[in-house]
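Just so you know, ligand 1 is whichever comes first in the structure, and atom 1 is the first atom listed for that ligand. For this chain, numbers begin at 1 and follow the sequence in order. Predicted model only: the values in this text are computed from it and were never measured.
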Amino acid sequence: MTIKSICCLGAGYVGGPTMAMIAAKCPDIQVTVADMNEKRIAAWNSDTLPVYEPGLDAVVASALGRNLHFTTDIRSAIAAADLIFVSVGTPTKSYGIGAGRAADLRYIESAARLIAEVSEGHKIIVEKSTIPVKTATAIKAILAANSPNGATFQVLSNPEFLAEGTAVEDLEFPDRILIGGEVTLEGTAAVEALASVYARWIPRERILTTNLWSSELSKLVANAFLAQRISSINSISALCEATGADVDEVSRAIGMDSRIGPKFLKASVGFGGSCFQKDILNLVYLCDSFNLPKVAKYWAQVVQLNDWQKSRFVEKIVRTLYNTVNGKRIGILGFAFKKDTNDTRESPAIHVCRDLLNERAHLAIYDPRVSKETIHEDLIYAGVSPELIASNVEFCADPYAAANGAHALATLTEWDEFRTLDLPRLYELMFKPAFIFDGRAVLPSAALKAHGFDAFVIGKGA
Ligand code: NAD
Ligand code: UGA
């Protein structure tokens with residue numbers, strides 16, 4: 001089966017960039033990204049994309065209108081496609097059975113029902129969203145039971161491993177592409193049809209094929225292992241602070257062991273992002289559901305340590321500022337969950353800002369890519385009252401405005417521009433002692449001290 005027309009349900013952080021790359025690399029395939037969110041679709045069709053990613057504008061521009069289309073007409077997009085990616089959200093369930101841990105699969109289910117209703121002939125359905133292992137069984141059952149036009153389907157799993165901030169590079173040169181399918185003649189043909197799309201630009205040896213369940217599970221496990229490394233090094237950051245060891249030196253020393261490797265050993269105020277926490281909680285829930293409580297407890301600890309890391313950072317600020325931040329101005333440098341993205345989902349900054357506001361601090365927040373509206377919404381969602389935001393939060397246009405009259409600065413995102421801040425200027429603007437809490441170890445720590453700051457850097461002893 002040769003793929004001529006692709007549709008993707010969900011024009012979010014995954015659907016948009018992933019489909020833009022496929023369209024750019026396969027000019028002969030029509031790629032339509034469909035979403036009911038009109039504002040998002042309009043933004044994809046404009047000069048201001050809804051997702052900030054270095055290099056993404058050029059990829060989208062190279063194919064938009066040629067073979068890349070963004071639309072709210074979901075039904076027509078499904079009807080015209082040979083292959084349909086499902087890239088809708090799978091957030092943590094906030095109600096009922098499994099609340100706070102299980103994945104909420106309502107968007108997956110409604111997408112499957114719509115595909116069944118609209119489709120004719122034969123189509124390949126691809127799970128691109130991150131889902132619990134065995135979800136393909138549910139999708140297959142829904143498709144089989146609800147197809148008035150007698151359509152037939154093959155369901156594949158093709159999880160996405162891109163990281164935000166490096167999405168374009170990750171999509172162009174992925175470590176691997178994983179495709180899971182049924183071990184039948186039809187299943188193998190569908191896997192090959194999808195593999196041959198990726199093979200246009202990705203070497204065959206990097207395209208890994210497995211059974212459906214291995215593919216679905218591998219995605220959760222990959223995120224769990226990555227997050228586990230961060231919690232591991234963050235746990236050591238606390239020990240470094242207590243002993244005078246330097247966590248960056250420890251990371252370097254252990255990372256040079258080729259069995260450990262150097263990546264994902266950067267201590268921080270905590271990991272954020274829409275997926276690590278959600279996917280580990282989902283894994284924990286699955287383990288419990290399969291009656292493996294010891295395995296569940298093991299992985300739950302990765303999230304607990306992360307929560308502790310965020311809380312202890314706030315505690316450090318409050319204790320250092322003479323046990324009260326009430327009425328004190330604290331400049332917040334960075335709100336995104338990592339650099340080079342405008343995404344703030346589960347950003348540690350939300351947790352830190354909420355707790356500082358509960359201590360009645362005045363926050364002066366600066367982020368180069370995150371809008372005032374997003375920060376406002378995030379704080380409200382985190383439970384901060386609109387009155388407290390109105391009285392105690394200021395949105396700043398640059399780091400110096402945030403530092404003006406501040407008792408302390410806290411770095412919560414590792415934006416590159418923070419590496420080259422004018423330290424004498426910052427110092428001049430702040431109350432003395434001028435405290436800095438570097439939650440990303442991004443500022444030049446020796447220079448901070450040389451310029452008179454009272455600096456705390458995550459994972460560095462006094
Ligand atoms: P997102 O919230 O940015 O986008 C999801 C989009 O799906 C929304 O715009 C929503 O309106 C749309 N949608 C919901 N139901 C729909 C339907 N029936 N038809 C069409 N559109 C529909 O989410 P995201 O960050 O792109 O993540 C999507 C999935 O990919 C999740 O399962 C996530 O775990 C996974 N994932 C995300 C990343 C990442 O970096 N964000 C990386 C790998 C995997
Ligand atoms: C992560 C994975 O890296 C992707 O492979 C995966 O596809 C994606 O989740 C997903 O499923 O959504 P992402 O969350 O976009 O990607 O970004 P990461 O680079 O993994 O960073 C996650 C968080 O960990 C950020 O807050 C980052 O600052 C933090 N981090 C990362 C550290 O604190 N230390 C590190 O060494 C690395």
With only distance considered, is [X] within less than 3.5 Å of ligand 2 through an N or O on each side?
| X | value |
| --- | --- |
| Phe276 | no |
| Phe337 | yes |
| Phe161 | yes |

Which of the ligand 2 atoms, numbered from 1, are nearer than 4.0 Å to a heavy atom of [X]:
| X | result |
| --- | --- |
| Cys275 | 10 (C), 11 (O), 12 (O) |
| Leu226 | 2 (C), 3 (O) |
| Phe271 | 23 (C), 24 (O), 26 (O), 29 (C) |
| Glu160 | 7 (O) |

Proximity to ligand 1 by part of [X], non-hydrogen separation under 4.0 Å:
| X | result |
| --- | --- |
| Ser129 | both |
| Ser274 | side chain |
| Arg345 | side chain |

Is any side-chain N of the basic residue among [X] and [Y] closer than 4.0 Å to the acidic one's carboxylate O?
| X | Y | result |
| --- | --- | --- |
| Lys140 | Glu182 | yes |
| Arg113 | Glu117 | no |
| Glu414 | Lys339 | no |
| Asp378 | Arg354 | no |
| Asp288 | Arg101 | yes |
| Glu164 | Arg345 | yes |

(Q) Can you confirm whether more than 12 heavy atoms, excluding those of Arg200, are under 6.0 Å from its CZ atom? (A) yes
Which residue and heavy atom of the protein sit nearest [atom], plus the separation:
| atom | result |
| --- | --- |
| atom 17 (C) of ligand 1 | Met36 CE, 3.5 Å |
| atom 36 (O) of ligand 2 | Lys266 N, 2.9 Å |
| atom 1 (P) of ligand 1 | Arg40 NH1, 3.6 Å |
| atom 34 (O) of ligand 1 | Lys278 NZ, 2.6 Å |
| atom 31 (C) of ligand 1 | Thr90 OG1, 3.5 Å |
| atom 24 (P) of ligand 1 | Tyr13 N, 3.9 Å |
| atom 15 (O) of ligand 2 | Glu164 N, 2.8 Å |
| atom 7 (O) of ligand 2 | Leu162 O, 2.7 Å |
| atom 28 (C) of ligand 1 | Val88 O, 3.5 Å |
| atom 35 (C) of ligand 1 | Thr130 OG1, 3.5 Å |
| atom 6 (C) of ligand 1 | Asp35 OD2, 3.4 Å |
| atom 33 (O) of ligand 2 | Ser268 OG, 2.6 Å |

(Q) Side chains of Arg440 and Val269, heavy atoms from C-beta outward: is any pair under 4.5 Å? (A) yes
Q: May I ask you to test the Gln228-Trp299 pair for a side-chain heavy-atom distance under 4.5 Å?
A: yes
Q: For residues Leu114 and Arg75, report the shortest heavy-atom separation together with the two atoms involved.
A: CD1-NH2, 3.7 Å
Q. Closest approach of Met19 and Cys8, non-hydrogen atoms and distance?
A. CG-CB, 3.4 Å
With no hydrogens and no angle check, is any side-chain donor or acceptor of [X] less than 3.5 Å from a backbone partner on [Y]?
| X | Y | result |
| --- | --- | --- |
| Lys123 | Ala79 | yes |
| Lys93 | Ile97 | yes |
| Thr71 | Asp73 | yes |
| Glu216 | Lys134 | yes |
| Ser147 | Ala144 | no |
| Asp82 | Lys4 | yes |

Closest by any non-hydrogen atom to [atom]: pick that one out of [options].
| atom | options | value |
| --- | --- | --- |
| atom 30 (N) of ligand 2 | Ile233, Ile230, Asp340 | Ile230 |
| atom 17 (O) of ligand 2 | Lys338, Glu346, Arg440 | Lys338 |
| atom 23 (C) of ligand 2 | Gly273, Ser231, Ala222, Gly272 | Gly272 |

Going by the atom numbers of ligand 1, which of them fall below 4.0 Å from some non-hydrogen atom of [X]?
| X | result |
| --- | --- |
| Gly10 | 6 (C), 7 (O), 12 (C), 20 (C), 21 (N) |
| Lys219 | 43 (C) |
| Gly89 | 5 (C) |
| Leu162 | 40 (O), 42 (C) |
| Ser87 | 5 (C), 28 (C) |
| Ala34 | 20 (C), 21 (N) |

Q | ligand 1 to Val14 polar contact by distance, N or O atoms, under 3.5 Å | A | yes
Q) When only distance counts, is Glu164 in polar contact with ligand 1, meaning an N/O pair under 3.5 Å? A) yes
Q: Please confirm whether Trp415 and Phe335 have ring centers closer than 6.0 angstrom.
A: no
(Q) Can you confirm whether the side chains of Thr32 and His69 place a donor and an acceptor under 3.5 Å from each other? (A) no
Q) What part of Leu265 sits under 4.0 Å from ligand 2 if we count only heavy atoms: the side chain, the backbone, both or neither? A) backbone
(Q) When you measure from the heavy atoms of Lys219 to every atom of ligand 2, does any distance fall below 4.0 Å? (A) yes
Q) Does ligand 1 have any atom sitting under 4.0 Å from a heavy atom of Ile74? A) yes
Q) Could Arg369 and Tyr52 be counted as a cation-pi pair, given that NZ or CZ must be under 6.0 Å from the ring centre and within 45° of the axis? A) yes
